[in-house]
Protein chains: 4
Amino acid sequence: MTKPTLIALLHGPDQPGLVARVAGWIFERGGNILHADQHRDMEAGIFFQRVEWEPAFVPPAEGTPGAAVEQSRLRSVAAAEAEFTRFAREELRMAVRIVSSIDRPRVAVFVSKADHCFHDLILRWKAGDFRCDLATIVSNHADLGDVTRGYGLAFHHIPVTADTKTAAEAQQLELLRSLRVELVVLARYMQVLSADFLEKRGGPVINIHHSFLPAFAGGRPYHQAHTRGVKLIGATAHYATRDLDEGPIIHQDVARVTHRHGVDDLVRKGRDLERVVLAQAVRWHLEGRVLVYGNKTVVFD
Amino acid sequence: MTKPTLIALLHGPDQPGLVARVAGWIFERGGNILHADQHRDMEAGIFFQRVEWEPAFVPPAEGTPGAAVEQSRLRSVAAAEAEFTRFAREELRMAVRIVSSIDRPRVAVFVSKADHCFHDLILRWKAGDFRCDLATIVSNHADLGDVTRGYGLAFHHIPVTADTKTAAEAQQLELLRSLRVELVVLARYMQVLSADFLEKRGGPVINIHHSFLPAFAGGRPYHQAHTRGVKLIGATAHYATRDLDEGPIIHQDVARVTHRHGVDDLVRKGRDLERVVLAQAVRWHLEGRVLVYGNKTVVFD
Amino acid sequence: MTKPTLIALLHGPDQPGLVARVAGWIFERGGNILHADQHRDMEAGIFFQRVEWEPAFVPPAEGTPGAAVEQSRLRSVAAAEAEFTRFAREELRMAVRIVSSIDRPRVAVFVSKADHCFHDLILRWKAGDFRCDLATIVSNHADLGDVTRGYGLAFHHIPVTADTKTAAEAQQLELLRSLRVELVVLARYMQVLSADFLEKRGGPVINIHHSFLPAFAGGRPYHQAHTRGVKLIGATAHYATRDLDEGPIIHQDVARVTHRHGVDDLVRKGRDLERVVLAQAVRWHLEGRVLVYGNKTVVFD
Amino acid sequence: MTKPTLIALLHGPDQPGLVARVAGWIFERGGNILHADQHRDMEAGIFFQRVEWEPAFVPPAEGTPGAAVEQSRLRSVAAAEAEFTRFAREELRMAVRIVSSIDRPRVAVFVSKADHCFHDLILRWKAGDFRCDLATIVSNHADLGDVTRGYGLAFHHIPVTADTKTAAEAQQLELLRSLRVELVVLARYMQVLSADFLEKRGGPVINIHHSFLPAFAGGRPYHQAHTRGVKLIGATAHYATRDLDEGPIIHQDVARVTHRHGVDDLVRKGRDLERVVLAQAVRWHLEGRVLVYGNKTVVFD
């Protein structure tokens, strides 16, 4: 059986001995570091670290029933998580986020009518690629309702018009709260989320933009790309922020196109890019590999 | 011995039977088509063709001296070129450009201080990759003079300041005219050529921009890329036009970067992209593979 | 409404005037060439051409009912197909295969338990990427039966063991015959088809091999790749022949891996490659872009 | 002024607390860790680490002359290197290699007639991309002698025939010894080095093979690739071992080719791959980023 692990993502002002202090803290408490990766932004003087370890576990006395052992183990991991968090914040004065292998974060996927990222995310999730629960699919259209239910997943249809946008967003926020959703993934969701929504939401929102940002921000990027006559098209997964298409970039990729490709071909080829780029970004996020600072990301891949 | 070939690049309003008429014209005159490639821009209703053929040659009577046979062959190719041009313009009403294997176009390379594209172009040229003559290297700095002469090539140092720009450009134009230069290649030449220069120049000018245009147009693109936190950097070879960084794109490529790469690393990695992308664009141009229309290119690769 | 088109794939010994004769034949009969692409293998002296055109259609007298007009159009396209085939074979002495836009070839997909290519092909087909009918899914395991039927497609479970292989292949052949299947796609079908099967089958069989062939032919290629410590993994779509993993290659792609990737990671990353490479090969085949000669392919993309 | 740094590459059987012990050792001695990266091969139970740090330096009393300060600093770095080596071997029982920023390793480049990697390595070295001294160029042909001397570098012509191979290798070994060469780079050197040479040599030898190994090992890989009809060609940089083309792979890359590319085109396109792949491998080696174990590499990039 796999032992539980904790992954800590730390960042803050650089100071001497951080690597040693983190490693020492874990070692002294009997933990076993599996991976540790760090980065320094020399200009900004910021230190970043991702460290993954198995916390120590002293099993209860021989003869304790299995369920009680398991309970004990869970309490032990939760305690290690709390202690490390306190250590990082109070002693190291670093910002910290912890991903625990005993948790399964709850994810909501927002879609409209395009279904390529939708199917792709669900099939990968069913294949075990993402360690999370798919709490619900949310859409401003009813089109993907049946197929969602066919997958055995919940579907919430929340229509959005210019007039009802504020109310619809309130409904979405309430839904996310009630389902205890941690991560929202916009899988070609064709509505712009308001700054107000993002602020009230708080948690991370990953979006896929169908261009190689910052080229062709805004609407109809494949049309823009075709008009400009570029020789590569791209896709960009980023955290959504109040500045449309300006959020921290997590992942990007491109594909070659030629004069033979019309806009329809770009759209079709782009679907492959969007699928793979979005899935990779979601996976990295769930594995605690992405650290945001300023408007950039550090990706410990 | 390789037989001489002609390459015609045609474009104009689409009309029925163009492929048949071009192929028929060549076939009836005893020519042998080696390659033919066409493209239709359905929206714009424009037809594009690249056709490469060996024109017929009736050798003079047995016993004619070799040099006279060769003269006869050259005249024959030149005649075929002239006839086809007339056919394309007057009968097909198409724009046409012909690249003849018996010509070696004369090329000038403009450089400043950065020497990676400079060395790369010269070494490829020496290796026989480009069918052209390197008429001269032109620079606004003296730095690369010695190494240019070490390669056995001519070097013209024409300094440019804000005050002398007009005079310097006049001097450059005169130099290009006197050397009968057909193609100008800007190999990280750090001066913006004026609209006036480009208009007077007339002929093609290929530039390498060190970003994935249209992202990061303008100055210091690697700094812009680093600030934005993109995960890919690029390079773009394009024809220079009066609209800076807006000319028709010939070729683009990208390379992956991470948070570990500082601006210096982007510059270093970018050099490899710039070298390869510029060399490919120059090669395609010299092989008559690039057709410009509007602000886009058709590349028959 | 889109006009019907014919695509001819021709190849045979090179001879003067082939381009002109094909274009002339179509033009004289009122056809309109949309695309034409040719290639010469200089060493082998073989000429290859893909030409796509709208055959002429003289509509019946005004007032003819729509259905009768449509019948007339279909007959006209079928006649043009037959005439061109005769012309190519008897006059040009070339091998020819014609893809007509009024036909929808029938395709069978063979699968085992892995479902990533299976879902991918079906979802692309539903999205309209492939012009074909999915006649059936065939599997040596029952696992994908329910989800296939959930897609509204037929599923045939034909178990295969060492003892029953001959009988199972006979059953597969009979099924393909009765369903008039033109193309078989092996979407990670984990049984080797016998030389006898392939010979009796006759028609094309496309396979996806999960390595960059010819590296790591045979079984467990990701294990082989991991053992050898390569820095790129690949996938190869090829036509199946009696020589296992030796058939003509249609398409290949690779992805970067590092020492951090275990065999499981290679398998997971490889799934994305396999999906995209197989789908592209199937699409090219259905669009009449792939021409086999000897053990190689010409792909007119 | 940049402070001196040490880079340690460690590997050996995994044991608890290694990260903490290494970091603690450096921290306790006043060192400042700049980067640390580790990897565990779970199957093999091996731990790998690359750690880069600035060792502490207590400057001599105020008023000490600059040269004496500099001497003191060099002694201090050398002492830290020796102490860490002892610590790693004796206390951690790990294999260790240290790259010190105050050393400049001496490199010999072996070439034959092909000059693309030759020019590329020298130009990158002149541009400051490699932290090393180019001790000499060695060739079995005289062709590149003049251009080497034109670069201001030493050139040794050591002809090799079947009969003289043993003597020639002895001469090469003696040359490398006398020049205190640490790294040998085979830049398309067309002679196979004997197992005896490699054993006597001892130090690392990096080779560039012009295929995507293990595909097309042995001679004339571009011909092999053309015959097989692959759609991608590759290049592989690896450490030379007594098993030809079987040594640990450092880096690989590929480029797309089509049926239009003859062997000559593959050779030409391959040159770009070979240049970039070899240069990257040499750079990673010199930066202490490559750790060999068994027949594989760990590359901390």
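We name chains A, B, ... by the order of the sequence lines, and we start the count at 1 in each one. Heavy atoms only: backbone and side chains are in, while hydrogens, waters and symmetry mates are out.
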Check your understanding: Does any heavy atom of chain C fall under 4.5 Å from the side chain of D/His238, the backbone, both, or neither of them?
Key -> neither
Review point. Is a side-chain N or O of C/Arg260 found less than 3.5 angstrom from the main chain of D/Val298, in a donor-acceptor match?
Key: no
Review point. Among D/Phe48, D/Phe300, D/Phe212, D/Phe216, which has the most heavy-atom pairs under 4.5 Å with chain C?
Key: D/Phe212
Point to revise | Per-residue contact mode, D/Thr227 against chain C (heavy atom under 4.5 angstrom) | key: backbone
Point to revise | Heavy-atom side-chain proximity of D/Ile249 to C/Val230 below 4.5 angstrom | key: yes
Review point. Can you tell which of C/Thr258, C/Thr236, C/Thr297 has the highest number of heavy-atom pairs within less than 4.5 Å of chain D?
Key: C/Thr297
Point to revise | C/Asp253 versus D/Arg256, closest heavy-atom pair with distance | key: OD1-NH2, 3.3 Å
Study note, to complete from the structure: Correct closest heavy-atom pair for D/Glu43 and C/His226 would be OE2-CE1, 3.9 Å
Revision key, fill the gap. Closest heavy-atom pair, D/Arg228 versus C/Asn295, reported as atoms and distance to 0.1 Å, is NH1-ND2, 3.5 Å
Check your understanding: What are the two closest non-hydrogen atoms of D/Gln252 and C/Lys231, and how far apart are they?
Key -> OE1-N, 2.9 Å
Check your understanding: With distance as the sole test, does C/His259 use its side chain to make a donor-acceptor pair with the main-chain N or O of D/His39 at under 3.5 Å?
Key -> no
